[in-house]
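These values consider heavy atoms only, across backbone and side chains, with no hydrogens, waters or symmetry-generated copies. Each chain gets a letter, A, B and so on, in the order its sequence line appears, and its residues count up from 1.
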Protein chains: 2
Amino acid sequence: MKRRSQTETAVLGALSVMPMTGYAVRQSIHDVLGHFWSESFGQIYPALTRLEQEGLVEQGADETASYTITATGLDRLHQLLSESIQDAPPRNGLMLRLFFGRHLGTDACRALVEQASVDAANRLAELEAVRAEIAGETGTEADQPFWLLTIAAGEHSARATLAWADEARAHLDAIERT
Amino acid sequence: MKRRSQTETAVLGALSVMPMTGYAVRQSIHDVLGHFWSESFGQIYPALTRLEQEGLVEQGADETASYTITATGLDRLHQLLSESIQDAPPRNGLMLRLFFGRHLGTDACRALVEQASVDAANRLAELEAVRAEIAGETGTEADQPFWLLTIAAGEHSARATLAWADEARAHLDAIERT
DNA sequence: TGTCTCATGTAATCCGTTACATGATTGG
DNA sequence: CCAATCATGTAACGGATTACATGAGACA
């Protein structure tokens, strides 16, 4: 089973919130979904062209060159979202390094754990900022409860990393004492 | 800055534990590191050829066709592990769907959350099994503390997912009642 | 004898990033 | 007026999966 690109899902999703230019699509995915998703211009612009050819989005002929999602586009979005999740194979660089940590040394491992801990703390702060940002938006009230769902997931994940880092620190000390 | 493949790191790492065939390299990465890393044959075999040409691994000319890591190979492994982590851009299919959950409907979202919860519970069980498996191994005592470090990370992550799922269930109920 | 696992490899294909190219508009 | 941001695209490149092809040995 070949795995299909999910770029069009993300683009249609972004346009389902409000009409936007391609640039703004990238912007909003990066800013709001950034902890869970990413798209590059090299994907977004060709995708928009395809979507327009299929009549799923329309480029506002008015002064704003924004794209608007059509009724068919909304149908398609629903359909795409319903498809089974295809997860990318895991590739966790931190875990790869720690797994072979014997060859890296406990000090370097400790540094990696510290870095992960700091990153998680930053992520927590950013998620808090995003939460505040979307709560202040108007016109997206119906979407917000779902957005908060994903933010909560990010927060749980970040806090889990912090807790693990504490454990790992002690663990590494114990390794060194043997 | 172009992003280099980390396949050779994974392969050298696997061979640093014990000599193996390419098939067994894939096997052990899949079985033990499976929650954090993955490699396919299409990557492993060409990588082994390259590594052999560079003198980082040697194919045992004896009856076993296993590859053995050389002293230079160990140096290279250390060096590769020390390089800065390059994280793949995030692509979380579950979060993408929940984020646009308004178009998916609360019932479908609930099903996604349930699935994630079940998956996390399974992951927890598998990690427990891996923990038991490696604890019983001999000849890998020096590596085991580091392996346990990664297993702990997986467990924290899985438990965080379970906790989030509980929260999400309640959250979705609240959405529906409005 | 036939199927399953072990074992090695290659070719097609695609996804996605990065880099490059270009231009309009805004604001200090 | 110059820099930064907004805006749209394309081409090159590389990484990785998937599928295909092949064969040996085990074992039932």
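OP1 or OP2 of C/dC15 has not a single side-chain nitrogen or oxygen of A/T7 nearer than 4.0 Å. Within the structure, every side-chain polar atom (N or O) of B/Q43 is placed at least 4.0 Å from both OP1 and OP2 of D/dG15. Contact annotation: A/Y23 reaches the phosphate of D/dC6 (side-chain N/O to OP1 or OP2, under 4.0 Å). For B/R3, a side-chain nitrogen or oxygen approaches OP1 or OP2 of C/dT18 to under 4.0 Å. In this structure, B/S40 does not reach the D/dG15 phosphate: none of its side-chain N or O atoms is under 4.0 Å from OP1 or OP2. Between A/S5 and C/dG16 there is a side-chain polar atom (N or O) within less than 4.0 angstrom of OP1 or OP2. Considering only side-chain N and O atoms, B/S38 lies under 4.0 angstrom from the phosphate OP1 or OP2 of D/dT17. Phosphate contact (OP1/OP2 of C/dT17, side-chain N/O of A/R26, threshold under 4.0 Å): absent.
Counted by atom type alone, A/S157 and A/R123 present one or more donor-acceptor pairs between their side chains at under 3.5 Å. Residues A/Q115 and A/D119 bring a donor and an acceptor atom of their side chains to less than 3.5 Å of each other. A donor-acceptor pair shorter than 3.5 Å can be found between the side chains of B/T7 and B/E39.
B/D87 has its CG atom 14 Å from the P atom of C/dT17, to the nearest Å. Protein atom CZ of A/R4 is 15 Å distant from nucleotide atom P of D/dT18, rounded to whole Å. For the pair B/Q6 CD and D/dA16 P, the computed distance is 8 Å after rounding to whole Å. As a whole-Å value, the separation of A/Q86 CD from C/dC14 P is 15 Å. When rounded to the nearest whole Å, the span between CG of B/L48 and P of C/dT8 equals 8 Å. B/Y45 places its OH atom 18 Å from the P atom of D/dA21, with the value rounded to the nearest Å. A straight line from CZ of A/R50 to C1' of C/dC14 spans 12 Å, rounded to a whole angstrom.
Across A/R97 and B/S84, no two heavy atoms sit closer than the pair NH2-O, 3.5 Å.
Looking at which nucleotide of DNA chain C each of A/W37 and B/F41 is closest to, the 5′-most match is held by B/F41. When the nearest nucleotides of DNA chain D are assigned to B/E39 and A/G22 by heavy-atom distance, the more 5′-ward of the two goes with A/G22. Place B/Q27 and B/G42 on DNA chain C by their nearest nucleotides, and B/Q27 ends up nearer the 5' end.
Computed from C1' positions of five pairs at each end, the angle between the two local axes of the helix from C/dT1-D/dA28 to C/dG28-D/dC1 equals 30°, rounded to 10 degrees.
For B/R91, whose side chain is taken as the heavy atoms from C-beta onward, the closest listed nucleotide among D/dT8, C/dG16, D/dA16 is C/dG16.
Clustering ILVMFWY residues whenever any of their side-chain heavy atoms sit less than 4.5 angstrom apart, transitively, puts B/I175 in the very cluster that holds B/L94.
Relative to the six-membered ring of A/F41, A/R26 meets both conditions, a distance below 6.0 Å and an angle of at most 45° to the axis.
We find that B/R131 and B/E155 are joined by a salt bridge, their nearest charged nitrogen and carboxylate oxygen being less than 4.0 Å apart.
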